[in-house]
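First comes the structure, then the notes that go with it.
The chains referred to below are lettered A, B, ... by the order of the sequence lines, with proteins before strands, and numbering in each begins at 1. Only heavy atoms go into these numbers, but all of them, side chains included; no hydrogens, no water, no symmetry mates.
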2 protein chains.
Amino acid sequence: MNNLNIYKEKLRESGLRPTRQRLKICEALFSPKETFHFTINDLSKIIEEKLDEKISLATVYNTVHAFKKNGYLKEIVIATDKSYFDTNTGTHSHFFDIKNKELIDINQVDLKDIPNPPTGKKIKNIDVIINVESE
Amino acid sequence: MNNLNIYKEKLRESGLRPTRQRLKICEALFSPKETFHFTINDLSKIIEEKLDEKISLATVYNTVHAFKKNGYLKEIVIATDKSYFDTNTGTHSHFFDIKNKELIDINQVDLKDIPNPPTGKKIKNIDVIINVESE
DNA sequence: CAAGTAGTTTAGAATAATTATAAAGTAATT
DNA sequence: AATTACTTTATAATTATTCTAAACTACTTG
């Protein structure tokens with residue numbers, strides 16, 4: 001129930017001190033029951049509008065990147081004009097609606113055969129994005 | 001042998017007049033025997049250094065986008081800081097070396113099962129990117 | 001618990017890729 | 001050859017992101 005300690009733990013794990021601003025970011029990211037996708041701007045707005053705290057963009061960027069580096073967030077590369085993040089850090093794949101720029105989580109999609117990587121390189125992870133559009 | 005007409009055809013197909021600048025862009029893109037990956041900046045440098053023509057960035061952007069729209073180029077979304085394009089327009093997948101930001105074409109990777117898209121949406125295409133790193 | 005110090009926040013500047021603009025130039029049509 | 005419509009270009013504008021340095025705050029230690 002007391003998420004506060006969980007947030008502090010995540011921050012500490014990420015090498016960050018628990019400050020008022022960072023705890024608000026945690027609340028926005030980790031208190032919802034459902035995972036979700038967001039851009040830095042989305043997150044910034046959520047915090048301002050729902051949590052009534054105006055945090056400078058630099059802080060939001062820094063914190064999100066620290067969480068990403070520590071595995072508390074994932075980045076999903078689907079557009080070149082903006083970065084998208086996912087609070088669902090489990091292995092999974094995505095539908096991406098090209099028009100609405102909407103992401104939908106799906107279970108991990110397995111490959112029939114995994115190709116051999118070039119010599120000297122090893123596979124780190126595999127991204128599968130199924131692009132869809134309204135018919 | 002006379003690629004010129006092929007270039008003109010591609011330009012016409014893309015709704016563009018064959019100008020000196022655009023023909024140089026075609027030469028850079030379509031004369032190499034092997035397909036390749038590039039950013040706008042790469043392409044711009046190739047044209048300047050190898051083809052000895054300085055073309056304004058706006059023209060390069062416009063032409064590349066027209067070719068992309070017409071299927072003569074593909075965009076590969078692997079990084080959020082830059083757009084990558086591929087002169088290989090066939091269906092295929094990629095290895096992506098995270099460190100060097102190097103792309104390597106591979107045959108299309110098939111999925112074990114293709115998930116059902118959300119109702120009202122249909123699958124347009126599937127991107128598979130296998131991220132690798134030097135070991 | 002009062003410093004001290006090490007990490008933090010912030011506004012605003014800097015950077016970088018991309019897109020928009022509008023004047024001067026060029027291809028195509030007549 | 002003249003007209004028209006499309007192009008190129010330099011430059012400005014835009015947008016996301018990163019940097020910076022001064023003001024601020026958490027944490028440690030005496």
Outermost contacting nts on DNA chain D, any atom under 4.0 Å from chain B heavy atoms, listed 5' then 3', are D/dA5 to D/dA10
Check your understanding: Is the count of non-hydrogen atoms from other residues, nucleotides or ligands lying under 6.0 Å from B/Glu34 atom CD greater than 12?
Key -> no
*Do B/Tyr72 and B/Phe85 have ring centroids that are under 6.0 Å from one another?*
no
A correct 5'-to-3' footprint of nucleotides 21-26 of chain C, with B, S and - meaning base, sugar-phosphate only and no protein heavy atom under 4.0 Å, is ------
Smallest heavy-atom separation, A/Pro118 atom then B/Ile104 atom, equals CG-CD1, 3.7 Å
Contacts of A/Ile40 and B/Asn62 projected onto DNA chain D by closest heavy atom; the upstream (5') one is B/Asn62
Next on the checklist: Pairing donors with acceptors under 3.5 angstrom, does anything connect the side chains of B/Asn125 and B/Asp127?
Outcome noted: yes
What residues 43-56 of chain B contributes to the DNA chain D interface at heavy-atom separation below 4.0 Å is B/Lys54, B/Ile55, B/Ser56
Quick note, salt bridge (charged side-chain N to carboxylate O under 4.0 Å, His left out) partners involving residues 103-114 of chain A, not counting sequence neighbours, are none
Rounded to whole Å, CG of A/Leu57 lies from P of C/dT10 at a distance of 10 Å
Worksheet item: Under 30°, 30 to 60°, or over 60°: which ring-plane class applies to A/Phe30 and A/Tyr7, parallel, tilted or perpendicular?
Response: tilted
Query raised in the report: Should A/Thr59 and A/Asn62 be marked as a side chain to side chain donor-acceptor pair (under 3.5 Å) after you check the CA-CA gap, both sets of side-chain angles, and the distance that decides it?
Result: CA-CA 5 Å; A/Thr59 298; A/Asn62 292 341; 5.5 Å; no
When B/Tyr61 and A/Leu16 are each assigned the nearest nucleotide of DNA chain C, the 5'-most assignment goes to A/Leu16
Residues joined to A/Tyr84 in its hydrophobic cluster, side chain to side chain under 4.5 Å directly or through other members, sorted by chain and number, are A/Ile76, A/Ile78, A/Phe96, A/Leu103, A/Ile129
Sorted by number, residues from residues 70-85 of chain A placing a heavy atom under 4.0 Å from DNA chain D are A/Asp81, A/Lys82, A/Ser83
Between CZ of B/Arg12 and P of C/dA27 the distance, given in whole Å, is 14 Å
Is the number of heavy atoms from other residues, nucleotides or ligands within 6.0 Å of CG (A/Asn5) greater than 12?
yes
With A/Asp86 as partner, the option from A/Lys68, A/His94, A/Lys74 fulfilling side-chain hydrogen bond (donor to acceptor under 3.5 Å, both in side chains) is A/His94
Between B/Ser93 and B/Gln108, the two heavy atoms sitting closest are OG-CA, 3.6 Å
To the nearest angstrom, the CG-P distance between B/Leu11 and C/dA28 comes to 11 Å
Does the pair B/Lys122/A/Glu135 count as a salt bridge with the N-to-O cut at 4.0 Å?
no
Atom CZ of B/Arg22 and atom P of C/dA28 are separated, to the nearest Å, by 11 Å
Here the pair of heavy atoms bringing B/Pro32 nearest to B/Glu27 is CD-O, 3.7 Å
